[in-house]
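Below, chain A is the first sequence line, B the second, and so on; all start at residue 1.
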Amino acid sequence: MGDLEDRTRFEPAEVEPRIVARWLQSGLVHPEPAGAAAENYSIAVPPPNVTGVLHMGHALNGAIQDVLARSHRMRGQRTKWILGTDHAGIATQRQVEKRLIAEGTAREALGRDAFVRRVWEWREEHGGQIIDQFKRLGATLDYADERFTMDKRYAQAVLKVFVELYEQGLIYRDNYLVNWDPGLRSAISDLEVEEREGIVDTMYAIAYPLASGEGEVVISTVRPETLLADTAVAVHPDDDRYAGLVGQELILPLVGRRLEIIADPYVKTDFGTGALKITPGHDSNDFEIGNKHGLERISVIGEDGLMTAQAGEAYEGLTVAQARVRVVADLDAAGLIRARDEYVHTVPFSHRSGERVEPLISLQWFMRMDELAAPAIDVVRDGRVRIHPPSQSKRYVDWLSEIRPWCISRQLWWGHQIPVWYRGAETYCGLTPPEGEGWEQDPDVLDTWFSSALWPFATLGWPDETPELRAFYPTDVLSTARDILFLWVARMVMMGLRFAGDIPFTDVYVHSIIQAPDGRRMSKSLGTGIDPLDLIDGGPRPPAYGASSAHAGDFPAYGADALRFGLLAMSSTQDVRFSEEKVAQGQALANKLYNATRFVALRVNTDPAHPAPAPLPRTVEDRWILSRLQAIKADTVARVDGFDFAKAALGLYDFVYGDLCDWYLELVKPRLGEDADRADRAALGATLLHVLRETIATAHPIVPFVTEELWGLLGYAEAEGLLASASLPELDDALVDTAAEAQMDRAIEAITALRAWREQVGVQAGAIVPAVLRAAGYEQTAERVGGLARFDFEAGDGEPVATIAIAGGVVGVLASDAVDLGAAGRRLDEAREKLASEITRAEGKLANAGFVAKAPAEVVAAERSKLGRLREEHAALSTQAQAQA
RNA sequence: GCGCGCGUAGCUCAGCGGCUAGAGCAUCGCCCUUACAAGGCGGGGGUCGCCGGUUCGAAUCCGGCCGCGCGCACCA
């Protein structure tokens with residue numbers, strides 16, 4: 001342990017790689033499947049995209065899940081943290097397409113099979129980088145059992161679910177208005193549409209002449225090009241302005257089609273002219289109205305984003321934007337534009353490609369959700385699945401209660417191809433291709449979230465009844481940010497109940513989204529993103545951060561423990577701003593633990609023959625720290641189990657910094673000196689080692705690296721193996737000592753008061769103040785109080801020249817060179833004044849008839865006893881003041 | 001527009017009917033240096049978003065505003 005002498009700082013860069021390697025070699029992350037899920041512990045990681053790189057959200061969620069996994073593993077549960085990646089249809093396909101374009105070729109040139117092979121190759125070569133990054137965090141995922149949503153076995157599970165739902169009539173194919181992503185050239189689901197506010201468009205007022213030749217109806221639109229697909233104009237049935245016109249016909253400008261004027265209560269009378277053009281082929285509301293009134297659906301915009309033949313010769317082949325210009329020009333020429341106004345509104349954009357969503361009618365696969373949603377609502381309502389915080393369960397239930405069919409087909413090549421084949425008018429759906437010639441498989445693939453929905457059981461081998469499934473399903477906790485509560489969590493519950501026969505997890509923890517320090521989203525493009533690895537290794541601070549604070553330049557290498565601690569400490573159930581200070585605090589904690597260990601190891605016998613010494617408390621401070629230790633052990637576990645990770649982390653910090661280092665180690669220093677009592681010193685050594693050992697073990701789930709390293713330095717690794725596979729220390733009720741805590745609380749308060757007095761009276765830092773202790777409750781702590789406050793209570797029994805109030809009495813200061821009597825007198829007067837004002841306040845409160853009559857008896861009694869105590873203290877100081885005067 | 005949440009010290013937050021509103025970090029001053037770029041003591045800094053109500057008593061409960069975030073639905 002020679003290193004300890006010289007190394008005064010914990011060095012994460014040196015320690016972490018070594019420790020990670022030992023964890024991974026030990027096999028502790030890969031449990032054999034045995035026992036029942038009820039007694040085991042499992043978490044399915046939200047599978048990162050195979051293209052993904054670690055961002056702050058992963059780091060936070062990784063820290064959270066790892067704390068849970070380590071804590072339960074150390075409580076003796078067989079613990080599996082299921083690992084894997086998501087094939088991420090869109091993201092991955094685009095990644096590979098970009099490469100192809102760089103190579104001067106394209107997906108279409110390769111053909112489907114060759115393209116899919118390329119994606120697999122890409123995945124072999126570059127996929128899963130994020131998994132190595134999880135290792136850097138210390139995440140104890142089951143790396144020996146990695147899954148991928150495109151694995152053969154997983155794919156079989158996906159197809160089986162599809163086929164069953166198809167056979168049950170829940171999956172069907174239909175022509176329906178979908179959210180079309182022109183960038184992707186694929187349909188996307190409602191959840192992948194993002195409404196962007198503040199989009200500025202021009203609203204055109206366009207006159208549609210009446211077929212009768214007399215007059216016109218003016219409609220408003222921001223999308224004049226869709227007029228080519230109009231099949232009616234609607235007005236509100238009660239709108240007097242159009243009362244006589246309902247049932248009459250209009251001539252659609254540029255096209256000449258006759259449009260009936262229909263009445264529908266959907267139309268707002270107070271918007272625009274109160275007349276609404278109806279375009280069932282390109283607007284979801286119009287689609288509904290069209291269905292209601294039996295209107296024709298015309299599509300003038302194709303899946304390629306160009307105007308179709310139905311748009312008419314003049315417009316066919318134009319882009320939507322070109323068509324708009326052309327239509328407006330033509331309307332102008334016809335003298336039909338009545339007004340143009342700037343109009344700011346919300347517009348749907350694709351979350352995937354960032355392009356404006358084009359609603360259009362398309363033949364797609366849909367999944368009916370109502371039947372699946374009902375039981376998924378029930379399990380949350382009846383508490384079988386608990387969502388934390390509870391406010392999120394309202395969102396969950398609300399969404400599921402109004403769930404609409406899910407568009408599950410995507411016009412991509414990378415993904416699970418839909419297991420449906422066509423031959424003429426025949427359709428076949430099955431796990432394997434149909435017999436016979438001439439069948440063609442549906443070219444579409446499934447929405448990636450369809451396969452993710454099976455994650456907690458498909459990763460464990462479902463539909464086979466594997467030992468893994470028995471041992472680990474249902475899982476225990478699903479930890480995620482709220483943005484995928486619907487996209488993923490709700491769907492896992494539905495699918496789990498339907499196919500695995502049980503809920504997929506018992507608790508859902510919805511964690512914070514970490515924002516940039518300035519409150520904006522963390523994002524690469526905004527320059528606000530922070531790479532978690534830059535905090536571990538040191539790396540550039542984003543400019544958006546450095547400029548707005550005192551910090552600038554690179555992050556120091558905080559280390560993985562610091563990052564984990566910091567993220568946990570800033571976490572909550574609300575969104576939080578990233579706080580570098582919390583990471584620095586974690587670094588400080590790791591270093592403090594290291595130095596506390598150094599302190600002990602360099603002074604007491606850490607004989608490896610006694611790796612787990614029993615504590616031998618001999619003094620009140622020994623009994624106190626052992627009692628405090630029981631509290632921090634219990635609190636930490638309770639906070640982890642209650643998903644209160646910030647309190648768990650910060651509570652540990654307070655214990656280590658406050659109770660352990662500031663107080664206990666300082667208190668026992670005299671007992672470790674060369675001339676100290678040898679028997680006491682040996683007993684103290686045992687107590688110190690015990691406290692240190694249990695503190696390290698308790699802290700391990702939160703700061704695993706430094707604690708594992710210290711475990712080794714203290715010799716426990718050699719005798720007992722890794723800390724990561726050791727047990728969390730159990731509570732020892734026999735060591736809970738409220739009497740010792742009360743005495744020490746009093747002693748700490750007194751030491752603080754005496755130190756403050758010294759400073760204010762101007763006593764030299766090194767001087768020992770001779771004094772007499774005239775206070776109750778210090779029978780066992782007097783020597784320590786004197787020691788830490790540098791007072792000598794054995795100095796004799798003379799007449800005090802100054803008095804200091806402490807809990808339970810006073811300290812009388814004897815005359816000496818150390819004390820300036822004038823300053824002491826002023827200090828005494830200040831103390832008396834302060835007491836007097838507190839007494840006045842308390843008297844005033846008790847003189848209030850309303851308070852005494854109406855407040856609860858115990859509140860009044862507490863106020864009375866407080867007043868009594870204040871009066872006693874004041875009397876003691878006054879007696880002294882008179883004596884001095 | 002509807003719903004949910006949040007506005008407390010420079011920062012991050014705790015407190016959620018009753019001690020003179022706190023902690024950590026930051027900052028300033030003094031002191032110390034005996035495990036620790038550590039420690040000790042003190043100072044500055046708060047109309048607890050605003051207004052009103054309930055109550056003996058409100059940061060805390062209720063109502064209304066204002067601001068921010070999120071979700072849902074969107075008027076063409």
- [ ] Round to a whole Å and report the spacing from CD of Glu225(A) to P of A76(B).
- [x]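 One finds 14 Å between P of A76(B) and CD of Glu225(A), rounded.
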Task: Gap in Å between the two P atoms, one belonging to C4(B) and one to G43(B), rounded - done: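 Result for the P pair: 44 Å, nearest Å.
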Task: Rounded P spacing from U8(B) to C48(B) in Å - done: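 That atom pair is separated by 11 Å.
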Task: Counterpart base for U34(B), defined by Watson-Crick or G-U wobble contacts under 3.5 Å - done: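 By the stated definition (distances under 3.5 Å), nothing pairs with U34(B).
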Open item on the list: Both distances below 3.5 Å, Watson-Crick or wobble geometry, any strand: find the nucleotide opposite C41(B).
Closed with: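 Check on C41(B): paired to G29(B), both distances under 3.5 Å.
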Task: Strand partner of U54(B), provided both Watson-Crick or wobble distances fall under 3.5 Å - done: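 U54(B) is paired with nothing.
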Open item on the list: What is the distance, to the nearest angstrom, from the OH atom on Tyr396(A) to the C1' atom on C72(B)?
Closed with: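 Taking atom C1' of C72(B) as the reference, OH of Tyr396(A) is at 17 Å.
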Task: Whole-Å gap separating P (A73(B)) and CZ (Arg395(A)) - done: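 The distance from CZ of Arg395(A) to P of A73(B) comes to 12 Å, rounded to the nearest Å.
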Open item on the list: Tell me which nucleotide, if any, is Watson-Crick or G-U wobble paired with A59(B) when both distances must be under 3.5 Å.
Closed with: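 Its partner is none (no Watson-Crick or G-U wobble pair with both distances under 3.5 Å).
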TODO: For A76(B), take OP1 and OP2 only and decide whether either is under 4.0 Å from a side-chain N or O of Tyr343(A).
DONE: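 Answer is yes, contact under 4.0 Å.
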TODO: Nearest whole angstrom, please: distance from the C1' of A76(B) to the OH of Tyr204(A).
DONE: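 Atom-to-atom, Tyr204(A) to A76(B), this comes out as 15 Å.
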Task: Complementary nucleotide of C16(B), counting Watson-Crick and G-U pairs under 3.5 Å - done: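 For C16(B), the partner nucleotide comes out as none, under the 3.5 Å rule.
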TODO: Assign the ring pair Trp399(A) / Phe486(A) to parallel, tilted or perpendicular, where the plane angle (0 to 90°) is split at 30° and 60°.
DONE: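 Aromatic pair Trp399(A)/Phe486(A) classed parallel.
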Open item on the list: Between P on C6(B) and CD on Gln392(A), what's the gap in Å once rounded to a whole number?
Closed with: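 Taking CD of Gln392(A) and P of C6(B), I get 12 Å after rounding.
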Task: Nucleic acid footprint by protein, nucleotides 22-36 of chain B - heavy-atom cut-off 4.0 Å, B for base, S for sugar-phosphate alone - done: --SS-----SS-BBB
TODO: For the pair Glu192(A) and Ser189(A), evaluate side chain to side chain donor-acceptor pair (under 3.5 Å) and give the outcome as yes or no after the intermediate values.
DONE: CA-CA 5 Å; Glu192(A) 292 163 304; Ser189(A) 73; 3.1 Å; yes
Open item on the list: Using the P atom as the point on both nucleotides, what is the distance between C36(B) and G22(B), in whole Å?
Closed with: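 Comparing P positions in G22(B) and C36(B) gives a spacing of 34 Å.
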- [ ] For C6(B), give its Watson-Crick or G-U wobble partner with both distances under 3.5 Å, or none.
- [x]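 G67(B) is the nucleotide pairing with C6(B).
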Open item on the list: Under 3.5 Å for both donor-acceptor distances, Watson-Crick or wobble: does G1(B) have a partner, and if so which one?
Closed with: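 C72(B) - that is the nucleotide pairing with G1(B), both distances being under 3.5 Å.
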